[in-house]
Structures are given as C-alpha cells and as structure tokens.
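One structure below.
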Amino acid sequence: MLGHPVRIRVLELLQDGPKAVRDLLTEIAVEPSNLSAQLAVLRRSGIVTATREGPTVVYALAGADVADLMKAARRILTELLVGQNELLEQLRENSA
C-alpha cells in the first residue's frame, strides 16, 4: 500500500489536513486518472477517507496513527540515508 511514490506523497500532503482532489493535483504532477487510482487504493485500505462537498471530493487521513506512521517512516529513512552517506564518505577517503 505504501509502495507507490504518489500514494506516499498524498499521505505527506494530508498530514497538514484534509485536501480537495484539485489541490492534490496542483501539488502532485500526475495525470488525474493516476491520482484517482492511487487515492482509490488508499481509500480501500482504510488509510484515507473521502467526503463529497458538492462537486468537490475532499480526502483526509483516516486517523492520527497514519500521520504517526509517516513521521516514523521519514525518521527511519533519514537515519538510513545519513548512515549510508557516512559510509560512502569513508569509502571515498580510503580509496584516495
């Protein structure tokens, strides 16, 4: 479910609060049909909710746990990248 960059970006954007589909499209450079498909995956998995406000569909995170998950994932990935960069720097120093 979190294996697609568009879905991850949607979840990051929704951490700031509910957003209309048109606002998501403005922030994510994808075709509307692609965004729609990715939103459907998130909706079916129960990660996001969708409500209709007239002609506008607004998406929101299903709960605070989702935002916590995204923050934890970002922290873990950042720590991994820092470790990899340190290792790369050591390898460069040793080969010089």
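If you check the side chains of T49 and R43, you find no donor sitting under 3.5 Å from an acceptor.
The heavy-atom pair separating L39 from V21 by the smallest distance is CD1-CG2, 4.2 Å. Pairing each heavy atom of S95 with each of R92, the nearest pair is OG-O, 3.2 Å. The two residues G46 and A62 make their nearest non-hydrogen contact at O-CB, 3.1 Å. The two atoms that bring A20 and T56 nearest to each other are CB-CG2, 3.5 Å, heavy atoms only.
Taking the side chain as every heavy atom from C-beta outward, V58 and K19 never approach each other to under 4.5 Å. A heavy-atom distance below 4.5 Å is not found between the side chains of V10 and Y59. Two residues are said to be in side-chain contact when any heavy atoms from C-beta on lie closer than 4.5 Å; L61 and L11 meet this criterion. Between D23 and L13, the closest side-chain pair of non-hydrogen atoms is not below 4.5 Å.
With sequence neighbours excluded, the residues forming a side chain to side chain donor-acceptor pair (under 3.5 Å) with N34 are Q38, listed by chain and number.
Rounded to the nearest 0.5 Å, atoms CZ (R22) and CG (L25) are 10.5 Å apart. Atom CZ of R7 sits about 8.0 Å away from atom OG of S45, to the nearest 0.5 Å. Distance check: K71 NZ to I76 CD1 gives 14.5 Å after rounding to the nearest 0.5 Å. Atom CG in L35 sits 12.0 Å away from atom CZ in R9 (nearest 0.5 Å). Of the inter-residue distances, the one linking L24 atom CG with S36 atom OG reads 11.5 Å to the nearest 0.5 angstrom. With values rounded to the nearest 0.5 angstrom, H4 atom NE2 is found 10.5 Å from L42 atom CG.
Environment of CD in E31: sparse, with no more than 12 heavy atoms of neighbouring residues, nucleotides or ligands closer than 6.0 Å.
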